[in-house]
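The structure appears right after this line, and notes come after that.
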Amino acid sequence: MDKVDKIFDTFARNRLFVNKMVLQSSYSPETILHRTEQIEKIASILAPVLGGDKVSNLFLYGKTGTGKTLSARYVGEKIESRAREGKQEDLKFLYVNCKSRKVSDTEYRIIAELINLLGDKVPATGLPTEAVYSKFVELVDARKRVVVLVLDEIDQAVKKISDGFLYTLTRLNSDLRNAQISLIGISNSLTFMDDLDPRVRSSLGEEEVVFPPYNALQLKDILSVRAEKAFVKGSLGEGVIAKCAAYAAKEHGDARRALDLLRVAGELVVRAGGEKISDKHIDEANKKIEKDKTLDIIESGTTQSKLVLYSIVQLDVDKSFKSIFTGDVFNIYQENCLRTKNEILTQRRVGDLIGEFDMFGIINARVISKGRQGRTREIKLMLPPSVRNKAREILERDLDL
DNA sequence: CGAGATTCATGTGAAGTATACCTTTAGGCTTAA
DNA sequence: AAGCCTAAAGGTATACTTCACATGAATCTCGTA
């Protein structure tokens, strides 16, 4: 039989997933567990919009995967549907993720996206930012209503642009005659507010809701509910959910991570033609996610960073070096540059690149002093052999070696 | 023999440069009235 | 005249370089016992 047919067959025979969507991070469940307090607080702050009043600006903090976006959307949808029932249509939630590729992180495009959501168009480029703002104001102000802007990953946007952008937004209300704008900012960084212009801080942070990380127990609840829907009954082995929860709890209680683990584990089982997930698969999935993440970092690096990493990998494979120092890496790196006809960067720069790999956790670099032999970094490659070999393949391919 | 100076190989910081990509702006062209 | 498009002008992020100075323990120096 054709191999492709076989692949399709295993897939069709899949007796594991009922609905994989449930495990995707874009899925929004009907009920959100362990966030009642936060949701109630958001709801009580936003409730006045139902009466057509402007509400306080709101700020949501919390690490990734703590349900910020989910809760905000949930409350938003509830309020919108409530407003529709009450035949009060002059209420609008506009949700923008400031980091998504479409919006890309410029002030212009964020506003352009907002206009888009209001059902209008602006050219992708060419207009002065000022003009885009006034177009937006005009659209919003077309009739009497309340508009709530939800700005997700706002810290990213502010890092890219200046906080003057937020200032403009908070001041937008003074240009409006009919409508009212409220802002909801969502941020991963807990310290984000600290380095904002005080004027912005006071008006944006009128109300704050903090999303603490989920603990292992809560993660377990969340996973159970979702797994119920995602998988065929009885396909989860003993302790699988607990294991996922434990892994994710270690990663600052990241529910997204927990769901990913479960999904990837499922995919692994399906591909192997199995029908039951055991906790071994969770370990495998964890490794796979880690591996994909590091390989992703490696692949998306520049040619120069690949050359540096390749040199480190070479030294790591060659066991005659007991420990690897910056100087060794630089020497090998120069040879590699000559071989691949790339320009040779200064050692200063190569040192920084090594530092970046350290940040990503691909290597472990400790600054040590070797006395008369000066100071240097002692470098250890932190990839398990299988990942290291895969990484080497990728590097050799990308560098034409 | 030990306190202090020296030294090495590189870390680290600041400031400058080249490049690519974006936004802005102004001028010209088109279109509708 | 208003609107639209485009090319040049001006900005800004990135990926580097250059220069300058900092580090910290092995090693050397030299005064002292």
Side-chain angles (χ1 to χ4, degrees), chain A residues 96 98-116 120-139 153-169 195 197 296-312 315 321-338 340-381 395 398-399:
Chain A
V96 191
C98 302
K99 213 176 78 182
S100 78
R101 207 158 299 153
K102 193 161 90 187
V103 176
S104 171
D105 53 42
T106 81
E107 193 173 357
Y108 183 98
R109 289 198 201 155
I110 290 171
I111 304 301
E113 175 67 10
L114 287 171
I115 291 176
N116 235 334
D120 209 322
K121 285 261 148 47
V122 282
T125 170
L127 292 176
T129 313
E130 195 67 18
V132 186
Y133 268 113
S134 44
K135 171 122 189 180
F136 175 64
V137 168
E138 203 177 288
L139 273 170
E153 319 232 25
I154 200 170
D155 45 332
Q156 300 292 324
V158 169
K159 213 164 43 179
K160 280 270 181 185
I161 324 163
S162 73
D163 54 4
F165 159 64
L166 280 180
Y167 184 64
T168 322
L169 277 182
D195 31 51
D197 188 312
D296 231 47
I297 293 169
I298 293 170
E299 244 181 324
S300 63
T302 59
T303 311
Q304 290 295 350
S305 72
K306 283 175 189 169
L307 278 163
V308 173
L309 185 62
Y310 184 66
S311 309
I312 296 173
L315 284 166
F321 285 83
K322 350 85 235 166
S323 27
I324 306 171
F325 302 118
T326 306
D328 307 330
V329 175
F330 187 62
N331 289 336
I332 303 286
Y333 159 79
Q334 291 187 72
E335 285 172 28
N336 284 331
C337 283
L338 292 177
T340 58
K341 303 212 171 63
N342 276 292
E343 278 183 59
I344 298 173
L345 300 183
T346 52
Q347 185 155 353
R348 176 73 184 80
R349 179 62 186 149
V350 171
D352 280 350
L353 290 175
I354 291 173
E356 279 171 30
F357 289 128
D358 187 35
M359 290 264 301
F360 287 131
I362 295 174
I363 62 172
N364 190 313
R366 203 161 50 95
V367 179
I368 57 163
S369 178
K370 292 191 295 167
R372 208 76 200 284
Q373 273 72 251
R375 260 153 68 90
T376 186
R377 279 193 178 102
E378 190 183 42
I379 298 165
K380 272 195 229 112
L381 194 63
L395 290 170
D398 287 2
L399 296 171

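These numbers were taken from a predicted model, which means no experiment stands behind them. All chains are named by letter (A, B, ...) in the order of the sequence lines, taking the proteins before the strands, and each is independently numbered beginning at 1. These values consider heavy atoms only, across backbone and side chains, with no hydrogens, waters or symmetry-generated copies.
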Just how far, in rounded Å, is [atom2] of [N] from [atom1] of [X]?
| X | N | atom1 | atom2 | answer |
| --- | --- | --- | --- | --- |
| A/R366 | B/dT10 | CZ | P | 16 Å |
| A/N342 | C/dA15 | CG | P | 15 Å |
| A/R348 | B/dA14 | CZ | C1' | 9 Å |
| A/I379 | B/dT10 | CD1 | P | 10 Å |
| A/I344 | C/dC16 | CD1 | P | 14 Å |
| A/L345 | C/dC16 | CG | P | 5 Å |
| A/E378 | B/dT10 | CD | C1' | 14 Å |
| A/N331 | B/dT10 | CG | C1' | 13 Å |

Name the closest nucleotide to the A/T326 side chain, picking from C/dT17, B/dT10, B/dT12.
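Output: B/dT10.
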Between A/T346 and C/dT17, is there a side-chain N or O to OP1/OP2 distance below 4.0 Å?
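For C/dT17, OP1 or OP2 has a side-chain N or O of A/T346 closer than 4.0 Å.
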Counting just side-chain N and O atoms, does A/R349 come under 4.0 Å of either OP1 or OP2 of B/dT17?
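So the side chain of A/R349 is outside the cut-off, no N or O lying under 4.0 Å from OP1 or OP2 of B/dT17.
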Are any non-hydrogen side-chain atoms of A/I354 and A/V350 less than 4.5 angstrom apart?
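Of all side-chain heavy-atom pairs linking A/V350 with A/I354, at least one is under 4.5 Å.
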Check every strand shown and say whether A/L353 touches a base, only sugar-phosphate, or nothing at a heavy-atom separation below 4.0 Å.
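No contact.
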Look for any protein N or O under 3.5 Å of an N or O in nucleotides 6-8 of chain B and output each such pair with its distance, or none.
unit_1, atom_1, unit_2, atom_2, d
B/dT7, O4', A/R372, NE, 3.0
B/dT7, O4', A/R372, NH2, 2.9
B/dC8, O4', A/R372, O, 2.8
B/dC8, O2, A/G371, O, 3.3
B/dC8, O2, A/G374, N, 3.1

Backbone N or O of [Y] within a donor-acceptor pair of the [X] side chain at under 3.5 Å?
| X | Y | value |
| --- | --- | --- |
| A/N331 | A/D328 | no |
| A/T326 | A/T376 | no |
| A/Q304 | A/E343 | yes |

With sequence neighbours excluded, tell me which residues meet side chain to side chain donor-acceptor pair (under 3.5 Å) with A/E299.
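A/E299 satisfies side chain to side chain donor-acceptor pair (under 3.5 Å) with A/R397 once adjacent residues are dropped.
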Check A/A365 against A/R377 and note the closest heavy-atom contact, atom names and distance.
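Nearest pair, atom of A/A365 first, then A/R377: CB-CD, 3.6 Å.
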For a quick test of reading the model, state the closest non-hydrogen atom pair linking A/F330 to A/T346 and the distance between them.
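What the structure gives for the nearest pair is CE1-C, 3.9 Å.
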